[in-house]
Number of protein chains: 2
Amino acid sequence: MTITFDVLAEQLRAGGHKLTQPRRAILQALLASAKPLSPAEIQQSGQAFCAELGLVTVYRTLEILESIDMVRPVHVADGCHGYVLATPGHTHHVVCERCHAVVEIVGCDLGDFLDRVAARTGYQITDHWLEIAGICGACQQEKMD
Amino acid sequence: MTITFDVLAEQLRAGGHKLTQPRRAILQALLASAKPLSPAEIQQSGQAFCAELGLVTVYRTLEILESIDMVRPVHVADGCHGYVLATPGHTHHVVCERCHAVVEIVGCDLGDFLDRVAARTGYQITDHWLEIAGICGACQQEKMD
DNA sequence: TCTCGTACTGAAAAAGTTTTTCAATTAGGA
DNA sequence: TCCTAATTGAAAAACTTTTTCAGTACGAGA
């Protein structure tokens, strides 16, 4: 939950990548957002930190960040163009239908379920993606007003 | 598992939509495929049944089919442009990484898991998407050759 | 701190996907 | 069979994503 810019910067370096101004801006944009951002939104938001930030660079940087598991694509109901920072390890997301706030679920108890799926289908399970939609605490409150 | 063309045709009619040649072709294409098809693939495959089938019509028809839950978008690892026929009720898919064969998991035991998520996050869970990747029986065999 | 090679960048263009518009066609009830 | 509204394909527009390329800036090593 408490991901800092410095930790992200170090992760990027550790992956053998340079820490450039545009990349800093992209990390800042992702860090500042509570909801998944599309490449275009990341560019817009990131331009506060690096005025020249190009969309092409956003795409290229997301590709890198995804390859080293620093960012995770989120496929929500209304499209599949969202990215959020990833907590290391296997996680899933709950996205608020109203305000799009995202909470990560660290630690994933789907093991039993996947075992049953494997047994029933004969497939050797290698990976899975789970997205959960709901209404966050704050929005449940608002509903009552 | 045993969805027939006639059942699909009736579902479409019941939704208040006309059963046209292009739409028949799209249903046939989906029915004949064991894996999720992109709009472009549906067009190509559907042209065996309706030579003039246009891509625009595929998009429009998928929109209708999705709105009446006859088709389900599948977000796989390599993109999010796949559609498969939906078995009535809540289902999830296992997609083979090698041959892209798809098996539906009918009946979904995620209830407990989702309850725990709700308790831990304070979110009121409204919906979820789960995609599972694996290697199907046939491809596991091939691997040994 | 300075130099230098390479990874990285933005702009432009290309490629690919999805949506809109519009005149012509077709399904299916009367 | 006739009629009308729903539907269609083609063309064009609007987006999104990828590729190309010449110039730039990061950061390792002196």
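First the proteins, then the strands, lettered A, B, ... as listed; each starts at 1. Bear in mind that the values here come from a model prediction, so they are computed numbers and not experimental data.
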Does [N] have OP1 or OP2 sitting under 4.0 Å from an N or O in the side chain of [X]?
X        : N       : value
Ser38(B) : dT17(C) : no
Thr20(B) : dA6(D)  : no
His81(A) : dT17(D) : yes

Query raised in the report: Taking the side chain of Val56(A) as heavy atoms from C-beta outward, which of dG27(D), dT17(D), dT19(D) is closest to it?
Result: dT19(D)
Query raised in the report: Taking the side chain of Arg13(B) as its heavy atoms from C-beta onward, which of dG28(C), dT7(D), dC8(C) lies nearest to it?
Result: dG28(C)
Determine whether [X] and [Y] make a side-chain contact, defined as any pair of heavy atoms from C-beta on separated by less than 4.5 Å.
X         : Y         : result
Leu12(B)  : Leu65(B)  : yes
Glu131(B) : His92(B)  : no
Leu130(A) : Phe113(A) : no
Leu62(B)  : Pro39(B)  : yes

Without decimals, in angstroms, what is the distance between [X] [atom1] and [N] [atom2]?
X        : N       : atom1 : atom2 : value
Tyr59(A) : dG16(C) : OH    : P     : 15 Å
Arg60(B) : dT25(C) : CZ    : C1'   : 13 Å
Leu12(A) : dG27(D) : CG    : C1'   : 14 Å
Leu53(A) : dT9(C)  : CG    : C1'   : 10 Å
Leu55(B) : dT20(C) : CG    : C1'   : 14 Å
Ile64(A) : dA7(C)  : CD1   : P     : 12 Å
Gln43(A) : dT17(D) : CD    : C1'   : 13 Å
Gln44(A) : dT16(D) : CD    : C1'   : 16 Å

Query raised in the report: Do you know which two heavy atoms are closest between Gln140(A) and Tyr123(B), and how far apart they sit?
Result: NE2-C, 3.7 Å
Query raised in the report: Given that Glu63(B) and Lys18(B) both sit by DNA chain C, which one's nearest nucleotide is further toward the 5' end?
Result: Glu63(B)
Query raised in the report: Which residues within residues 22-32 of chain A lie with some heavy atom under 4.0 Å of an atom in DNA chain C?
Result: Pro22(A), Arg23(A)
**Report entry** Linked, directly or transitively: Val56(A) and Ile42(A) (ILVMFWY side chains, under 4.5 Å)
**Finding:** no
Query raised in the report: Are Lys35(A) and Glu41(A) close enough for a salt bridge, meaning some N to O gap below 4.0 Å?
Result: yes
